[in-house]
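See structure below.
Computed from heavy atoms alone, side chains included, the values below leave out hydrogens, waters and symmetry copies. Position 1 is the first residue of the sequence; numbering continues from there. In this text, all values refer to a predicted model and were calculated from it rather than measured experimentally.
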Amino acid sequence: MNIQEICDLIDENFYKENNYHLSITDPEEFAKQVALEFGKQCFEAGITCFEENNELEYSNFEDYLETLSK
């Protein structure tokens, strides 16, 4: 999924739940959600490479994010 598709999906899903677009009403929160989703996608794409080389340090994206907040 490319970045535009991620933006569209997040905004569409938010609109379905709340009847307004997050990108318009709260662009900072929208950007945060887009960045997290894009980061998760990149993390999952890279995990295959690390698994093949037995260098896997984090089991999932959430574990990785927790280490960043410490």
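If you chain together ILVMFWY residues whose side-chain heavy atoms come under 4.5 Å of each other, F30 ends up grouped with M1, I3, I6, L9, I10, F14, Y20, L22, V34, F38.
Residues passing the side chain to side chain donor-acceptor pair (under 3.5 Å) test with D26, sequence neighbours excluded: none. Evaluation of the side-chain contact (heavy atoms from CB on, under 4.5 Å) rule for N19 yields no partner, not counting sequence neighbours. Under the side chain to side chain donor-acceptor pair (under 3.5 Å) criterion, Q33 pairs with E29, sequence neighbours left out. Remark: E17 engages no residue in a side chain to side chain donor-acceptor pair (under 3.5 Å) (not counting sequence neighbours).
Rounded to the nearest 0.5 angstrom, E37 CD and K40 NZ are separated by 6.0 Å.
Heavy-atom neighbours of E5 CD from other residues, nucleotides or ligands within 6.0 Å: above the threshold of 12.
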